[in-house]
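All chains are named by letter (A, B, ...) in the order of the sequence lines, taking the proteins before the strands, and each is independently numbered beginning at 1. Every heavy atom of this structure was used, including side-chain atoms; hydrogens, water molecules and symmetry mates were not. Since the structure is predicted, the reported quantities are computational estimates derived from the model, not experimental observations.
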There are 2 protein chains.
Amino acid sequence: MKRRTKKERQQLLLQTIEENPFVTDEQLAVQFNVSVQTIRLDRMELSIPELRERIKDVAEKNLENEVKSLPLDEVIGEIIDIELDARAISIFDVKEEHVFQRNGIARGHHLFAQANSLAVAVINDELALTVRANVLFSKPVKAGDRVITKATVRGQNTEKNRTYIDLISTVNNSVVFKGEFEMYRTKGKGENDETSY
Amino acid sequence: MKRRTKKERQQLLLQTIEENPFVTDEQLAVQFNVSVQTIRLDRMELSIPELRERIKDVAEKNLENEVKSLPLDEVIGEIIDIELDARAISIFDVKEEHVFQRNGIARGHHLFAQANSLAVAVINDELALTVRANVLFSKPVKAGDRVITKATVRGQNTEKNRTYIDLISTVNNSVVFKGEFEMYRTKGKGENDETSY
DNA sequence: CTGGTGTTAGTACCAAGTGCTAATACATAT
DNA sequence: ATATGTATTAGCACTTGGTACTAACACCAG
């Protein structure tokens, strides 16, 4: 192992720990052919926490993901207000994982998912399925944006068991997404009121 | 805190650690009103590893998940055939996590996501965004179904930088989803050598 | 009273550190 | 040539959250 300069070593150190957070100072010292103390000084300068903290961070991150990925699959966006068969509002915070790396713009299906989830939720029925949707992505959404989606139940066709819902998503009061959803439901509006909530 | 029997305590210990693997023996001792040594003996009998090992286990598990969840977010469905700016085919296996628990029918946004991903992929450009989509969910899809989606590029409006794509998804040769997507792209078909932007 | 089970206390030791002081090497500037 | 600064190394005390082990005590049953 050739002895690198401080800068080179620290650069490699960052990479190495990034790739494998489970490596000890001792192992790193051997790898870079320096003393353990040097590794410690390097970590300090680079503000890299000690092994146990790194492992803990990874563990905590994973625990977050667990909490995140389950409801994320269930309902996209957090429903903050709902009046069944009338209207509903949800918010969705766009994160790095929702955007194209190349340009930082949110993938369309995430916005669709938020709207679709809300359309399902607003329907006061056990069974609600999307039959048709016409959507328009009017403005790009970026990571860090908070998307607020409002659903309004527009009408019904009781014979065909259909409910029509309008959806509008905004970021900072600017419309980013519009959609008209045709939903299928088993029962008509108002037939579910035996058990009043 | 009432003093439980050994069995009760060990039962609760298992639960407690399961819920929060980050708890130390000392905290547990306080919680159960016994000595630290007792907690250690309990852990031995129950073969529960020490705090650091538990955290490490969580961290390692999460690292596995990372590999799994990333490509899942990147493209929904596996692209098995593609001819840029012409057509593409992807398959998507519907799993339990994609369906409503209540009725076992796939949530619409997963089918939309597969179609949307494919529409983005078929466009031979750095930047492709969904502008508008009209979709029809013609038949419910269930867990275990293999959805095959075909994308066909229908036309273009070079002035407006738009590309029109038709999508059809089938399960066992039966159509479950149809969509017309209007996509925005930076450059026209075949113009990808120019630096027009 | 003796034995078994459960619990507690205490000691020595370990890994992987932090925090601090001191020594050394080496090049650069004056 | 001597001083200054940076990089590196060594050593020691201390910390956390343990393991491994021994000894003691309480209490209940035979």
Side-chain angles (χ1 to χ4, degrees), chain A residues 1-70, chain B residues 1-70:
Chain A
M1 283 289 150
K2 209 183 278 173
R3 207 62 173 264
R4 279 121 177 155
T5 72
K6 197 184 174 183
K7 266 203 172 175
E8 283 179 319
R9 189 187 57 235
Q10 293 195 345
Q11 190 53 45
L12 282 170
L13 195 73
L14 268 170
Q15 272 183 41
T16 308
I17 293 178
E18 175 83 18
E19 279 168 33
N20 175 22
F22 298 87
V23 67
T24 65
D25 286 359
E26 189 140 6
Q27 293 173 319
L28 290 165
V30 172
Q31 188 180 331
F32 293 110
N33 194 27
V34 292
S35 72
V36 174
Q37 283 81 353
T38 302
I39 296 293
R40 308 241 223 253
L41 288 171
D42 285 347
R43 276 202 297 103
M44 263 191 211
E45 288 183 27
L46 301 168
S47 330
I48 300 171
E50 64 164 297
L51 172 69
R52 283 139 169 163
E53 289 305 314
R54 294 196 301 264
I55 292 180
K56 213 174 167 185
D57 290 348
V58 175
E60 277 166 351
K61 211 179 288 170
N62 291 16
L63 226 66
E64 276 172 37
N65 284 355
E66 233 169 274
V67 178
K68 225 186 291 170
S69 73
L70 242 141
Chain B
M1 283 289 150
K2 210 182 280 173
R3 208 60 176 263
R4 278 118 178 158
T5 71
K6 195 182 175 182
K7 265 202 173 178
E8 282 179 319
R9 189 187 56 235
Q10 293 195 344
Q11 191 54 44
L12 282 170
L13 195 72
L14 269 170
Q15 273 182 40
T16 308
I17 293 178
E18 175 83 19
E19 278 168 34
N20 174 23
F22 298 86
V23 67
T24 64
D25 286 359
E26 188 139 7
Q27 293 173 320
L28 290 164
V30 172
Q31 187 179 331
F32 293 111
N33 195 28
V34 293
S35 72
V36 174
Q37 283 80 353
T38 303
I39 297 294
R40 310 243 224 251
L41 288 169
D42 284 347
R43 276 201 297 103
M44 264 190 210
E45 287 182 30
L46 301 168
S47 330
I48 299 171
E50 64 164 296
L51 173 69
R52 283 140 169 166
E53 290 304 313
R54 295 196 302 265
I55 292 179
K56 213 173 164 185
D57 289 348
V58 175
E60 278 165 350
K61 213 180 285 169
N62 289 17
L63 229 64
E64 281 170 34
N65 287 353
E66 229 170 281
V67 180
K68 229 183 286 170
S69 71
L70 238 138

Gap between atoms CD1 and P, on B:Ile17 and D:dG18 respectively (whole Å) = 9 Å
Only residue of A:Glu45, A:Gln15, A:Arg43 satisfying side-chain hydrogen bond (donor to acceptor under 3.5 Å, both in side chains) with A:Gln10 is A:Glu45
Validation row: B:Glu19, B:Thr16 side chains within 4.5 angstrom (heavy atoms) | no
Answer with yes or no whether B:Arg52 presents, from its side chain, a donor or acceptor under 3.5 Å of a partner atom in the base of D:dG17.
-> yes
Separation of D:dT9 P from A:Leu28 CG (nearest whole Å) = 14 Å
Verify the contact: side-chain N or O of A:Arg9 to OP1 or OP2 of D:dT8, cut-off strictly under 4.0 Å; return yes or no.
-> yes
In whole Å, what is the span from the CD1 atom of A:Ile39 to the C1' atom of C:dG17?
-> 14 Å
Under 3.5 Å donor-acceptor pair, A:Arg40 side-chain atoms to C:dT18 base atoms = no
If each of B:Gln37 and A:Thr24 is mapped to the nucleotide of DNA chain C with the nearest heavy atom, which maps nearer the 5' terminus, i.e. the 5' end?
-> B:Gln37
Output, in order, the C-alpha distance, side-chain angles, deciding distance and verdict of side-chain contact (heavy atoms from CB on, under 4.5 Å) for B:Arg54 and B:Leu51.
-> CA-CA 5 Å; B:Arg54 295 196 302 265; B:Leu51 173 69; 3.8 Å; yes
Contact class for B:Arg43 vs. all strands (heavy atom < 4.0 Å): base, sugar-phosphate, or nothing?
-> sugar-phosphate
Ignoring the backbone of B:Leu41, work out which of C:dA16, D:dT8, C:dT8 is nearest its side chain.
-> C:dT8
A:Ile48 CD1 to C:dA16 C1': how many Å, rounded?
-> 16 Å
Please state how far atom NZ in A:Lys7 lies from atom P in D:dA7, giving the value in whole angstrom units.
-> 10 Å
Give a yes/no on whether any side-chain N or O of A:Thr38 is located under 4.0 angstrom from OP1 or OP2 of D:dT8.
-> no
d(CG, B:Asn33; P, C:dG6) in whole Å | 18 Å
Are A:Leu28 and A:Gln31 side-chain neighbours, meaning at least one heavy-atom pair lies under 4.5 Å?
-> yes
Rounded to whole angstrom units, what separation is found between the CD1 atom of B:Ile55 and the P atom of D:dT16?
-> 15 Å
Look at the side chain of B:Met44 and decide which nucleotide, out of C:dG19, D:dA20, C:dT8, has an atom nearest to it.
-> D:dA20
If we only count heavy atoms from C-beta on, is the A:Ile39 to A:Glu26 side-chain gap below 4.5 Å?
-> no
